[in-house]
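Structure first, then comments.
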2 protein chains.
Amino acid sequence: MSRTRVRVTVRLKPAILDPQGRSVQATLHRLGHDGAENVRVGKVIEFTRPGPPDEAAHAAVRRMAEEVLANPVLEDVEIDLREAPDAPEG
Amino acid sequence: MSRTRVRVTVRLKPAILDPQGRSVQATLHRLGHDGAENVRVGKVIEFTRPGPPDEAAHAAVRRMAEEVLANPVLEDVEIDLREAPDAPEG
C-alpha cells in the first residue's frame with residue numbers, strides 16, 4: 001500500500017514580528033557569524049500517512065494544518081507531500 | 001550584488017524520542033485527523049546573507065548551524081541555499 005511523507009512548514013506571516021528570529025540573529029552576530037539578515041524561525045512538522053500523495057491527501061493535511069498545527073491568523077503554512085517507502089519509518 | 005536565501009532545518013536525530021511530536025500526533029487523532037504516524041517536530045531557521053550560494057556560503061552556514069542553531073549531539077541539520085533577489089526581503 002502506498003504511503004505519503006508529509007512535511008508541513010509553519011512560518012509567522014511576513015508582517016508579524018519574530019522576536020525569536022531577532023534573538024537568533026543577534027546571537028549569530030555576537031558570536032562572529034556575520035551577514036545573516038532578516039532571520040525568521042518557523043516549525044516543521046513531519047509524518048507519514050497511508051495512501052498516495054494526491055489531491056485528497058493534500059486537502060486532509062491542509063485541514064490538519066489549519067485546525068491543529070498552525071494558527072492561521074498569525075502563521076502561513078506550506079505543505080509538501082512525497083511518495084514514501086512502503087514501510088513506516090519508525 | 002548577489003544574495004543567498006538560506007534555509008536551515010533542524011530535526012531531532014531519528015533515535016531521539018520526540019515528546020512534542022507524540023503530543024501533536026495524539027491531538028491530531030483526538031480531533032479526528034486519523035492516519036498521521038511517526039510525527040516529528042523540528043525547526044526551520046531562514047535568513048538572507050550577502051554573496052552567492054556557493055561552497056563557501058555552505059561552509060559558513062554549516063558553522064552557524066553547528067555552533068548556534070542546533071545541538072549536534074541531539075539534532076541533525078539540513079542546509080538549503082538558493083539565489084535570492086537583489087533586495088533584502090524585509
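Since this is a predicted model, take the numbers as computed values, not measurements. So you know, we letter chains A, B, ... as the sequences are listed, proteins then strands, and number each from 1.
Listed options A:I45, A:T4, A:V10 were ranked by heavy-atom pairs under 4.5 angstrom with chain B; first place goes to A:I45. When the candidates A:M64, A:E67, A:K43 are compared by the number of heavy-atom contacts under 4.5 Å with chain B, A:M64 comes out ahead.
B:L31 touches chain A through its side chain: at least one heavy atom from C-beta onward sits under 4.5 Å away, while N, CA, C and O do not. No part of B:R30 comes within reach of chain A, as not one of its non-hydrogen atoms sits under 4.5 angstrom from that chain. With a threshold of 4.5 angstrom between heavy atoms, A:V41 approaches chain B through its backbone and through its side chain. With a 4.5 angstrom heavy-atom cutoff, B:R11 touches chain A only via side-chain atoms.
Between the side chain of A:H33 and the backbone N or O of B:V61, no donor-acceptor pair lies under 3.5 Å. Although no hydrogens or angles enter the test, the distance criterion places no donor-acceptor pair under 3.5 Å between the side chain of A:S23 and the main chain of A:P19.
Cluster annotation: B:L28 is connected to A:V77 through the hydrophobic network of ILVMFWY side chains, with a link wherever side-chain heavy atoms come within less than 4.5 Å.
Residue B:E37 comes nearest to B:Q25 through the heavy atom pair C-OE1, 3.8 Å, listed as atom of the first residue, atom of the second, then distance.
Judged by distance alone, the side chains of B:T48 and B:R5 never bring a donor and an acceptor atom under 3.5 Å apart.
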